[in-house]
Amino acid sequence: MARALGGTLDAHSRTDLARMSPHEAAVKHYEQELATYSSPREWWRIGTFGERGEPVGFVIPARNAYHPVIAYLGVVPEHRGHGYVVGLLAEGTRILAAEDVPRIRAATDLGNVPMAAAFARAGYVNFERAINMAWQ
């Protein structure tokens, strides 16, 4: 996750990176959100490339307190723009769909146009917007 934070378009992560290292931001995100999910860690996936299994990114399908969600999806900077997000999102969606859920939710920032486009290509429907504000 720390590697995937390089060049991120996620506003919360960018705010964290202005105050802490990528490793510290990843630990914070894990401890404050990802570790709280009751869904099994076996659902989490790391996408790899090539014979050596070089990591290209990861997806965390999960169940939060309300819904099945794509909790996090990240691609490491050197592999962005090669379509790996498609496979990662498909795998996360497949894992949740196998649980016979009525819907899967996912979210991204308005400024994260590539991620929003990936969700749209995968068939996710934009049905609401949220405004999050933070002190600077």
Side-chain angles (χ1 to χ4, degrees):
M1 183 174 196
R3 284 187 56 213
L5 286 171
T8 184
L9 297 175
D10 179 82
H12 292 287
S13 296
R14 291 169 65 129
T15 299
D16 285 344
L17 291 170
R19 296 186 293 231
M20 61 188 77
S21 73
H23 174 77
E24 291 168 322
V27 168
K28 177 186 173 206
H29 193 85
Y30 173 79
E31 290 175 347
Q32 292 183 4
E33 182 180 353
L34 304 176
T36 68
Y37 297 141
S38 61
S39 45
R41 301 296 188 271
E42 291 79 22
W43 290 0
W44 299 13
R45 296 289 191 269
I46 297 173
T48 60
F49 171 78
E51 292 178 17
R52 296 188 333 212
E54 179 182 346
V56 297
F58 66 100
V59 62
I60 299 178
R63 183 177 289 277
N64 67 17
Y66 309 102
H67 308 285
V69 296
I70 300 296
Y72 203 96
L73 193 156
V75 176
V76 296
E78 62 269 26
H79 289 293
R80 289 185 187 140
H82 301 287
Y84 295 115
V85 69
V86 173
L88 290 165
L89 182 55
E91 177 66 3
T93 302
R94 182 197 65 76
I95 289 165
L96 292 170
E99 297 297 307
D100 197 28
V101 298
R103 72 189 57 80
I104 300 167
R105 293 193 177 195
T108 192
D109 297 330
L110 189 60
N112 195 341
V113 174
M115 192 68 244
F119 285 137
R121 285 191 309 272
Y124 282 76
V125 176
N126 189 349
F127 71 96
E128 81 180 358
R129 294 186 183 227
I131 298 174
N132 295 317
M133 295 185 212
W135 295 103
Q136 289 194 4

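Starting from 1, each residue takes its place in the sequence as its number. Heavy atoms only: backbone and side chains are in, while hydrogens, waters and symmetry mates are out. Remember, it's a predicted structure, so these values are computed and weren't measured experimentally.
Hydrophobic clustering places V101 together with V59 (ILVMFWY residues linked when any side-chain heavy atoms are closer than 4.5 Å, directly or through intermediates). Residues L73 and I46 share a hydrophobic cluster, clusters being chains of Ile/Leu/Val/Met/Phe/Trp/Tyr side chains in contact below 4.5 Å. In the hydrophobic clustering of ILVMFWY residues, with side-chain heavy atoms under 4.5 Å counting as a link, Y37 and I104 come out together.
When ring centroids are compared, H82 and F49 stay outside the 6.0 Å threshold.
Contact detail for G92 and P61: the closest heavy-atom pair is O-CB, 3.6 Å. Listed here is the closest heavy atom pair of A25 and D16: CB-CB, 4.0 Å. For the residue pair Y72 and H29, the shortest heavy atom distance occurs at CD1-NE2, 3.4 Å. Residues L34 and R41 come closest through the heavy atom pair O-NH2, 4.0 Å. Between L5 and A26 the shortest heavy-atom distance is CD1-N, 4.0 Å. When all heavy atoms of I70 and L96 are compared, the pair lying nearest together is CD1-CD1, 4.0 Å.
With hydrogens and angles disregarded, no donor-acceptor distance shorter than 3.5 Å links the side chain of S13 to the backbone of D10. R80 places a side-chain N or O within donor-acceptor distance of the main-chain N or O of A4, the cut-off being under 3.5 Å. In this structure a side-chain-to-backbone donor-acceptor pair under 3.5 Å is present from E24 to S21.
To the nearest 0.5 angstrom, L17 atom CG is 7.5 Å from T8 atom OG1. Atoms CE and NE2, from M1 and H23 in turn, are 12.0 Å apart once rounded to the nearest 0.5 Å.
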Could you pull out all donor-acceptor pairs under 3.5 Å where a side-chain atom in residues 83-90 meets a protein atom, sequence neighbours excluded?
none

Contacts under 3.5 angstrom, residues 105-113 side chains, donor-acceptor by atom type, not counting sequence neighbours:
| unit_1 | atom_1 | unit_2 | atom_2 | d |
| --- | --- | --- | --- | --- |
| R105 | NH1 | H67 | NE2 | 3.4 |
| T108 | OG1 | N112 | ND2 | 3.4 |
| D109 | OD2 | A11 | N | 2.4 |
| N112 | OD1 | M115 | N | 3.3 |

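In this structure, F58 and V75 have side chains that are not in contact, with every pair of non-hydrogen atoms separated by 4.5 Å or more. Side-chain contact between E33 and K28 is absent, with no heavy atoms from C-beta onward closer than 4.5 Å. In this structure the side chain of I95 reaches within 4.5 angstrom of the side chain of R45, judged on heavy atoms. Contact annotation: the side chain of Y124 never approaches that of R103 to less than 4.5 Å [non-hydrogen atoms, C-beta and beyond].
With a 6.0 Å radius and a threshold of 12 heavy atoms from other residues, nucleotides or ligands, R14 has its CZ atom at or below the threshold.
Considering only residues two or more places apart in sequence or on other chains, R63 meets the salt bridge (Lys or Arg N to Asp or Glu O under 4.0 Å) condition with none of them.
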